[in-house]
2 protein chains.
Amino acid sequence: MKKEIHCPLHYAMNLIGTKWKPLILFHLLDGELRSGMLQKKIPGISNKMFTQTVRELEKDGLLSRKVYPVVPPKVEYKLSDRGRSLETILRSLDQWGLHDCEK
Amino acid sequence: MKKEIHCPLHYAMNLIGTKWKPLILFHLLDGELRSGMLQKKIPGISNKMFTQTVRELEKDGLLSRKVYPVVPPKVEYKLSDRGRSLETILRSLDQWGLHDCEK
DNA sequence: CAGTATCCTCGGAGATACTG
DNA sequence: CAGTATCTCCGAGGATACTG
């Protein structure tokens, strides 16, 4: 991002206002998930985008990534407190979309 | 959009999950605005993106566009009921960003 | 299994100039 | 004043193959 416009909404949308972020966060609301499981819940996402998006979310402190030193590799993703604080908003958006879809 | 994935959240984000849409909707929460006024409230937006975004919002039924047949031209934008139904979510996002900004 | 590395394409988005 | 028309560029994002 080049321009740092100081607007809360803008700021918020930079963190979650992308194609996949809200979906990933949403699916983690019910608890932590293994990488493969989580990815499977997001139909249409490419391997690359999944990794990339999840890394950004981690960098922004919205989720945490736990790596188990085993083989085959095992990685679990889990919402951080900060990510959890979005729960209401995410569920509202989901509800809004749901209500609005059924037209 | 090529893929029509049937997910409420995804659907919702397609409607408001872009760089400028939430900002435009947000600034209309306090009442209708003339085109120039509204645009001036969105620092950094280009002329083109403003028109384009506002048209998409109109197409999606989130706001209404009122054209006065006068010269010089006068156009006013106003939230539709559907757009108004996002008020809570928009304000929540704003609050979330605000709270989170002040770190 | 989880992630990385490339390559490539398409359209988001800015700049600028113009019209009614 | 509000909006359109081009031209252009850059990077988001997909497909594929590979590695530890």
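Order of the sequence lines fixes the chain letters, A, B, ..., with proteins taken first and strands second; residue numbering starts at 1 for each chain. In this text, all values refer to a predicted model and were calculated from it rather than measured experimentally. Hydrogens, waters and symmetry mates play no part in the numbers below; they use all other heavy atoms, side chains included.
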Exercise. Can you tell me the distance, in whole Å, between the CD1 atom of B/Ile24 and the P atom of D/dA2?
Key: 14 Å
Exercise. Rounded to 10°, tell me the angle between the two end axes of the helix from C/dC1-D/dG20 to C/dG20-D/dC1, each built from five pairs.
Key: 50°
Practice problem: Mind calculating the distance between CD (B/Glu58) and P (D/dG3) to the nearest angstrom? | Solution: 10 Å
Self-check item: Least distance between heavy atoms, B/Gly97 atom then A/Ala12 atom
Solution: CA-CB, 4.2 Å
Quiz item: Using a side-chain heavy atom cutoff under 4.5 Å and only I, L, V, M, F, W and Y, what cluster partners does A/Val70 have?
Solution: A/Tyr68
Practice problem: For B/Tyr68, answer base if it contacts any base atom (sugar-phosphate contacts may also be present), sugar-phosphate if it contacts only those atoms, and nothing otherwise; contact means non-hydrogen atoms under 4.0 Å. | Solution: nothing
Quiz item: Does OP1 or OP2 of C/dT4 have a side-chain N or O of A/Arg55 closer than 4.0 Å?
Solution: yes
Quiz item: Does B/Thr51 have a side-chain nitrogen or oxygen under 4.0 Å from the phosphate oxygens OP1 or OP2 of D/dA2?
Solution: no
Exercise. Nearest whole angstrom, please: distance from the C1' of C/dC1 to the NZ of A/Lys66.
Key: 17 Å
Quiz item: Taking the side chain of A/Arg34 as heavy atoms from C-beta outward, which of C/dA2, C/dG3, D/dA2 is closest to it?
Solution: C/dA2
Self-check item: Between P of D/dG13 and CG of A/Leu23, the distance in whole Å
Solution: 12 Å
Quiz item: Under 4.0 Å between a Lys/Arg side-chain N and an Asp/Glu carboxylate O for B/Glu56 and B/Lys59?
Solution: no
Practice problem: Check the distance between C/dG3's P and A/Phe50's CZ and give it to me in whole angstrom. | Solution: 7 Å
Quiz prompt | Gap between atoms CG and C1', on B/Leu38 and D/dC1 respectively (whole Å) | solution = 14 Å
Quiz item: Separation of B/Gln39 atom CD from D/dT4 atom P, in whole Å?
Solution: 12 Å
Practice problem: Provide the closest heavy-atom pair for A/Ile16 versus A/Pro22 in the form atom of the first, atom of the second, distance. | Solution: O-CD, 3.2 Å
Quiz item: What is the distance, rounded to the nearest whole Å, between atom NZ of B/Lys40 and atom C1' of D/dC1?
Solution: 11 Å
Self-check item: Contact check, side chains of A/Ile24 and A/Lys41, non-hydrogen atoms, under 4.5 Å
Solution: no
Quiz item: Mind checking whether A/Leu57 and A/Arg65 have side chains closer than 4.5 Å, heavy atoms only?
Solution: no
Quiz item: Would you say the side chain of A/Pro8 lies within less than 4.5 Å of the side chain of B/Trp96, judging by non-hydrogen atoms?
Solution: no
Quiz item: Would you say A/Tyr77 reaches C/dG3's phosphate, i.e. side-chain N/O to OP1/OP2 under 4.0 Å?
Solution: yes
Exercise. At under 4.0 Å between heavy atoms, which parts of nucleotides 13-20 of chain C does protein reach? Answer with one letter per nucleotide, 5' to 3': B base, S sugar-phosphate only, - none.
Key: BBB----B
Practice problem: Give the C-alpha distance, both sets of side-chain angles, the deciding distance and a yes or no for side chain to side chain contact (heavy atoms under 4.5 Å, CB included) between A/Leu63 and A/Leu28. | Solution: CA-CA 9 Å; A/Leu63 57 74; A/Leu28 286 176; 3.8 Å; yes
Practice problem: Considering non-hydrogen atoms only, spot the tightest contact between B/Ser80 and B/Gly61 and give its length. | Solution: OG-O, 2.6 Å
